[in-house]
Structure formats: structure tokens, C-alpha cells
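Notes for the one structure printed next.
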Amino acid sequence: MAGFFSLLRRLYLSLYNWTVFFGWFQVLYLVLKTLKESGHEHVYNAAEKPLLYAQTAAVLEILHGLVGLVRSPVSATLPQIGSRLYLTWGILWSFPEIIRYSFFGFKEAFGFAPSWLLWLRYSTFLVMYPTGISSEVGLIYIALPFIKASEKYCIRMPNKWNSSFDYFYAAIIALGIYVPGSPHMYRYMLSQRKKALSKSKRE
């Protein structure tokens, strides 16, 4: 029975990884095609739908950690996926006015890989993380005046819940989370890199 569940787990994770891979491949294809044919101004509109689907599918990675399908700790997966979902839906989708400021970068990793690809998986983040985090912080910062002017997602009193919510200040809090969160995630990735590459050398 344990062998059956192990096989089922591997089949499901393979299906999930390939589905996500093809989703991101579609995004990359549309980005490159649009850059060639129309210019960078039209990139986001061309890739928006597959980007939303591919990024949202990553929610399953949190569930995978919660139910034990993968060994990745939820404490590391949640902030990574959460920040990307916030940027995708809470900033880019909610405030399309800022699209003209956007810059895209893509990275995808595979679970089973030759040594050179394993090295790339655990080394590209050295550059990609600072670049990605800077881009995320920049997009939130640029969106702040639009968030404040639109009052989108805000709840004002009086109301039946007797409470209020201001999305502008929530965005500022999100920016603040990057201060302790970014070094924590970077250190975590450094430790994962050390483990993965040392294990690869032993094998």
C-alpha cells in the first residue's frame, strides 16, 4: 500500500510540475513573441492570462508542504508564493495603470536534473532574488499613489462589521515585511544551495 501511495505521489507531482512548466513556457513564448513583434509596451497584456493562471497554480505548493507531499517547509514556501500572488493579483491585476513601469523576469526549476541544471537551480537565485525582490518592492511603491487615489479594497465606517480597512496602509505594511523577510529567505536559499550541491558532489 505504501508503494502505491508513493507511486501516486510521484505521478501527481510530475503532472503538476509539467503543467506548471508548460504554463510558464507559454508565458515565456508570448513575452518573446510580443517583444519581437510589438515591443515591450504590449508584453504584459499578451502574457497576462497565462501568467495569472501559472502563478496562481503555485498555491498548490503550499498545500503540498502542508500535507507532506514535499519536504519544503511551509514557512519558506508561504512567503515566496504569497509575495508573488500579492504582486500578481493585488498590484498588477488590481492596478493596471502601473503596467507601463513593469519589467518581467522568469525562472523555473525542475525536481530531477543533471548536475549542471542542479547547479543553475541553486545558483541563479544569487542574482535573481535581489533582482526579483527589488522589482516587487518597486512595483508596490509605484502602485501606492494609485492605491490611495482609487481606495480600491478599502472598507470605511460606519458599516455592519463596525470595522475598517485601508489597502494603502496594508500595502505599506507589505513593503515593511520585505525588510526582515528578504534576508531570511536569502539565507534559507543559501543553506538549501549548500545542502543540495554538497549532496550532489557526494553522489
Side-chain angles (χ1 to χ4, degrees), residues 20 23-24 26-28 30-32 34-35 38-63 65-66 74-108 124-189:
V20 172
W24 282 111
Q26 184 183 11
V27 173
L28 180 60
L30 289 171
V31 167
L32 295 177
T34 307
L35 280 173
S38 309
H40 71 276
E41 301 90 347
H42 306 284
V43 164
Y44 183 77
N45 288 335
E48 181 183 28
K49 285 186 178 179
L51 172 66
L52 291 173
Y53 292 137
Q55 191 60 78
T56 304
V59 170
L60 290 173
E61 294 182 26
I62 300 171
L63 297 177
L66 284 172
V74 177
S75 61
T77 307
L78 186 59
Q80 287 181 330
I81 304 303
S83 66
R84 293 170 193 166
L85 287 175
Y86 174 64
L87 260 293
T88 304
W89 290 100
I91 299 297
L92 291 173
W93 184 80
S94 299
F95 302 94
E97 304 93 324
I98 71 166
I99 298 305
R100 65 181 181 274
Y101 299 104
S102 302
F103 174 79
F104 284 86
F106 302 96
K107 57 182 182 286
E108 186 57 49
T124 53
F125 83 91
L126 294 168
V127 174
M128 299 291 280
Y129 255 52
T131 304
I133 290 169
S134 300
S135 299
E136 291 177 13
V137 169
L139 284 173
I140 297 172
Y141 180 77
I142 291 168
L144 287 177
F146 298 99
I147 295 171
K148 190 170 187 176
S150 71
E151 294 200 348
K152 189 178 284 187
Y153 308 132
C154 292
I155 300 171
R156 302 301 185 199
M157 292 182 68
N159 56 62
K160 63 181 179 180
W161 298 289
N162 198 33
S163 60
S164 63
F165 174 77
D166 195 313
Y167 194 60
F168 175 76
Y169 292 109
I172 291 176
I173 291 171
L175 278 175
I177 292 173
Y178 277 88
V179 176
S182 301
H184 168 74
M185 293 308 304
Y186 202 76
R187 285 194 298 268
Y188 170 76
M189 288 303 296

- Query: If you look only at pairs with a residue in residues 163-186, which of them pass as a salt bridge (Lys or Arg N to Asp or Glu O under 4.0 Å), with sequence neighbours excluded?
  - Reply: Arg156-Asp166

- Message: Given the ring of Phe95, does Lys152 sit roughly above its face, with NZ or CZ under 6.0 Å from the centre of the six-membered ring and within 45° of the axis?
- Response: yes

- Message: As an exercise, state the distance from CD1 of Ile177 to CD1 of Ile172, rounded to the nearest 0.5 Å.
- Response: 12.5 Å

- Message: For Gln80, is there any backbone N or O sitting under 3.5 Å from a side-chain donor or acceptor partner on Ser83?
- Response: yes

- Return the minimal non-hydrogen interatomic distance between Thr34 and Ala46, and the atom names on each side. OG1-CB, 3.1 Å

- Query: Hey, what do you get for CG (Leu51) to CG (Leu28), rounding to the nearest 0.5 Å?
  - Reply: 12.0 Å

- Between the OH atom in Tyr178 and the CD1 atom in Ile173, the distance rounded to the nearest 0.5 Å is 14.0 Å

- Note on the structure: One should read off an interatomic distance between Thr77 OG1 and Met185 CE, to the nearest 0.5 angstrom, of 7.5 Å

- If you take all heavy atoms of Pro180 and Pro183, which pair is closest and at what distance? O-CD, 3.5 Å

- Message: Any side-chain to backbone donor/acceptor pair from Tyr167 onto Ile155? Under 3.5 Å, distance only.
- Response: no

- Task: From the options Trp89, Tyr86, Tyr153, select the one residue that forms a side chain to side chain donor-acceptor pair (under 3.5 Å) with Ser94.
- Result: Tyr153

- Item | Ala171 versus Ile140, closest heavy-atom pair with distance | O-CG2, 3.8 Å

- Apply salt bridge (charged side-chain N to carboxylate O under 4.0 Å, His left out) to Arg187 and list each qualifying residue two or more places apart in sequence or on a separate chain. none

- Please report the closest heavy-atom contact between Ala47 and Val31, naming both atoms and the distance. CB-CG2, 4.0 Å

- Message: For a 4.5 angstrom cut-off between non-hydrogen side-chain atoms, does Trp24 reach Gln55?
- Response: yes

- Item | Short side-chain to backbone donor-acceptor contact, Tyr141 and Leu175, under 3.5 Å | no

- Taking all non-hydrogen atoms of both residues into account, name the closest pair between Ser163 and Asn159 and its distance. O-ND2, 2.6 Å

- Message: Any non-hydrogen side-chain atom of Ile91 less than 4.5 Å from a side-chain atom of Ile147?
- Response: yes

- Give the minimum heavy-atom separation between Gly23 and Ala54, together with the two atoms involved. C-CB, 4.2 Å

- Is any side-chain heavy atom of Thr88 less than 4.5 Å from a side-chain heavy atom of Thr56? no

- Would you indicate whether the side-chain heavy atoms of Ile133 and Tyr186 approach each other to under 4.5 Å? no

- Can you list the residues that meet the ring-ring contact (aromatic ring centres under 6.0 Å, His included) rule with Phe165, with sequence neighbours excluded? none

